[in-house]
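The sequence lines fix the lettering, A, B, ..., with proteins before strands; numbering per chain opens at 1.
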Protein chains: 2
Amino acid sequence: MADKAQYEELVRQFSAFGAVKRELGRILPEGCSSASAAVLALLSRHGDIRMGKLAELTAVDMSVISRQVAHMTVQGWIDRSEDPADRRSRILRLTPEGRDQLDELSERTARLLADRLGDWTDDEVGRLIRLMARLRASFGGACEPAAPAAPSAPPDHHTDEGSP
Amino acid sequence: MADKAQYEELVRQFSAFGAVKRELGRILPEGCSSASAAVLALLSRHGDIRMGKLAELTAVDMSVISRQVAHMTVQGWIDRSEDPADRRSRILRLTPEGRDQLDELSERTARLLADRLGDWTDDEVGRLIRLMARLRASFGGACEPAAPAAPSAPPDHHTDEGSP
DNA sequence: TATTGTTATACTCTATAACTATA
DNA sequence: TATAGTTATAGAGTATAACAATA
């Protein structure tokens, strides 16, 4: 268990992390915001999912996801079709164009990270990944299914610790 | 050196981290935004500094800091006085009220983190702190005084295992 | 002319609340 | 009535550009 000074330092790092996020945001392709990039990555990883699930994965209100997805649908990156089993719902799926966009995105971010993190070992990068994943989980992360009363059953169980 | 898949996973963690930031933001005292909290902490740590220096420390445009500081000055948390040596500049300093606010802030965040991170060892918290500090440094971090002219030790991969 | 800071404007991300349509 | 999603509105954070005062 950490002490108060350590927690203060941690929060300071959290604040400063915004600069990293902003720098990553600057290399995004035209028309693709940081939020769009996150949605593309999640759709690629989780396959066909509903709005509510996407909201849960991103830990934002569904209204936020709704607007985001609407925008990306107009851009042709997402196919938003009706769920035949429940006509209130929508099934989201990446279009080929969306996948192209994601590929371009991955290319650019990998290039930037390779430049900035060139002197990190892959073990160090892996440690940061695992610690951030655990941080998210500790904060009620929508990654591990807290399974409150989920009728749709405990969804995917992507092992976040897995090394590629 | 990490591979592309690992970088993608890292970026995914970066995106998901927003949820942690938002949850921390929800416990802030009334009238104290996340940005204000960061400025309070920096002023407390770095003493009397100028606008430009604060902009550098936060890695945002000076126009952003200018508005933020103006707001905090109205709230009575910052004393923004002229620099007698250069009348274009302003010297920023925490007021006693600002320090009170920072204390309240630290209290709340420490409480939340103690709750969420209760099962982390202080060594684990320390590792996360160090990795995030290094990440920031790798991204041209404006945290360490950045060695203006005489870098005693370039922002090397200091595996600073030392206690704060 | 260059630097320090301010102001105006626009854009992104987010949450709340009111709404529609299904269940 | 309850749930899935949409829309309207408001607020915070940020960047760019035009501006003022001073160096």
Side-chain angles (χ1 to χ4, degrees), chain A residues 14-39 49-75 78 80-92 142 148-152, chain B residues 14-39 49-56 58-75 78 80-92 142:
Chain A
F14 288 175
S15 289
F17 178 72
V20 174
K21 281 284 267 299
R22 288 194 293 278
E23 188 159 347
L24 272 163
R26 286 191 195 99
I27 57 144
L28 262 32
E30 191 61 30
C32 182
S33 69
S34 176
S36 293
V39 168
I49 55 178
R50 305 196 305 177
M51 302 283 307
K53 176 65 177 175
L54 190 51
E56 182 194 331
L57 288 170
T58 51
V60 299
D61 192 88
M62 191 153 46
S63 66
V64 175
I65 282 299
S66 181
R67 267 205 340 153
Q68 190 63 46
V69 165
H71 182 234
M72 294 172 72
T73 301
V74 169
Q75 282 178 297
I78 293 182
R80 181 174 51 168
S81 56
E82 259 188 7
D83 183 348
D86 182 346
R87 304 225 318 283
R88 293 171 306 182
S89 290
R90 311 270 213 147
I91 302 292
L92 307 175
S152 53
Chain B
F14 287 176
S15 290
F17 178 71
V20 174
K21 280 285 269 295
R22 287 195 293 279
E23 186 159 349
L24 272 164
R26 286 191 196 100
I27 58 143
L28 262 33
E30 190 61 30
C32 183
S33 69
S34 176
S36 293
V39 168
I49 55 178
R50 305 196 305 175
M51 301 284 307
K53 176 65 175 176
L54 190 52
E56 181 194 332
T58 51
V60 298
D61 191 89
M62 191 153 46
S63 65
V64 175
I65 283 299
S66 180
R67 268 203 341 151
Q68 190 63 45
V69 165
H71 181 236
M72 296 173 71
T73 301
V74 168
Q75 281 175 297
I78 293 181
R80 181 172 52 167
S81 57
E82 260 188 8
D83 182 348
D86 181 346
R87 302 223 321 281
R88 293 172 304 180
S89 291
R90 311 271 213 148
I91 301 292
L92 307 175

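Note: NE2 (His71(B)) to P (dT7(C)) measures 14 Å, nearest angstrom. Atom P of nucleotide dG5(D) and atom NZ of Lys53(A) are separated by 13 Å, given to the nearest angstrom. Taking atom CD of residue Glu82(B) and atom C1' of nucleotide dA23(D), one finds them 14 Å apart after rounding to whole Å. Atom pair Ile65(A):CD1 and dT12(C):P shows a separation of 16 Å (rounding to whole Å applied). Atom CD of Glu23(A) and atom C1' of dA15(D) are 15 Å apart (whole Å). In this entry the distance linking CG of Leu54(A) with P of dT6(D) reads 11 Å, nearest Å. One can place CD of Glu30(A) at 12 Å from P of dC11(C), the figure rounded to the nearest angstrom. A straight line from NZ of Lys21(A) to P of dT12(C) spans 17 Å, rounded to a whole angstrom.
Counting any heavy atom pair closer than 4.0 Å across all strands shown, Ser89(B) reaches sugar-phosphate atoms only and no base atom. Residue Val60(A) is in sugar-phosphate contact alone, with no base atom involved, counting any heavy-atom pair closer than 4.0 Å across all strands shown.
Remark: Arg80(B) is in phosphate contact with dT6(C), judged by side-chain N or O atoms under 4.0 Å from OP1 or OP2. Close to dT14(D), at under 4.0 Å from its OP1 or OP2, lies a side-chain N or O of Arg22(A). OP1 and OP2 of dA2(D) both lie 4.0 Å or more from every side-chain N or O belonging to Arg88(A). OP1 or OP2 of dG13(D) has at least one side-chain nitrogen or oxygen of Ser33(B) nearer than 4.0 Å. For Arg87(B) and dT4(C), the shortest distance from a side-chain N or O to OP1 or OP2 is not below 4.0 Å. Residue Arg90(B) has no polar side-chain atom (N or O) positioned under 4.0 Å from OP1 or OP2 of dT4(C). The phosphate of dA4(D) has OP1 or OP2 within less than 4.0 Å of a side-chain N or O from Arg50(A). For the OP1/OP2 pair of dA15(D) and a distance below 4.0 Å, the side-chain nitrogens and oxygens of Arg26(A) include at least one atom meeting the criterion.
In this structure, the nucleotide among dT14(C), dG5(C), dA23(C) sitting nearest to the side chain of Asp86(A) is dA23(C). Minimum atom distance to the side chain of Met62(A) is reached by dG5(D), of the listed dG5(D), dA8(C), dA15(C). Of the listed nucleotides (dC13(C), dT7(C), dG5(C)), dT7(C) has the atom at the smallest distance from the side chain of Ser63(B). In the set dT6(C), dT14(C), dT14(D), dT6(C) carries the atom at the smallest distance from any side-chain atom of Met51(B). Nearest to the side-chain atoms of Asp61(A) among the listed nucleotides dT7(C), dT7(D), dA15(C) stands dA15(C).
Of the residues near DNA chain C, Gly18(B) and Asp83(A), the one whose nearest nucleotide (by heavy atom distance) lies more toward the 5' end is Gly18(B). If Ala70(B) and Arg67(A) are placed on DNA chain C by their nearest nucleotide, the residue sitting closer to the 5' end is Ala70(B).
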Output, in order, the C-alpha distance, side-chain angles, deciding distance and verdict of side chain to side chain donor-acceptor pair (under 3.5 Å) for Ser63(B) and Ser66(B).
CA-CA 5 Å; Ser63(B) 65; Ser66(B) 180; over 6 Å; no

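Under a 3.5 Å cut-off, the side chain of Thr58(A) and the backbone N or O of Leu54(A) do form a donor-acceptor pair. Using modelled atom types, no side-chain atom of Gln68(A) and backbone atom of Ala35(A) make a donor-acceptor pair closer than 3.5 Å.
Two residues are said to be in side-chain contact when any heavy atoms from C-beta on lie closer than 4.5 Å; Arg22(B) and Val60(A) meet this criterion. Residues His71(A) and Gln75(A) meet the side-chain proximity criterion, which asks for heavy atoms closer than 4.5 Å. Residues Arg90(B) and Val69(B) form no side-chain contact, since every pair of their non-hydrogen atoms from C-beta on lies 4.5 Å or further apart.
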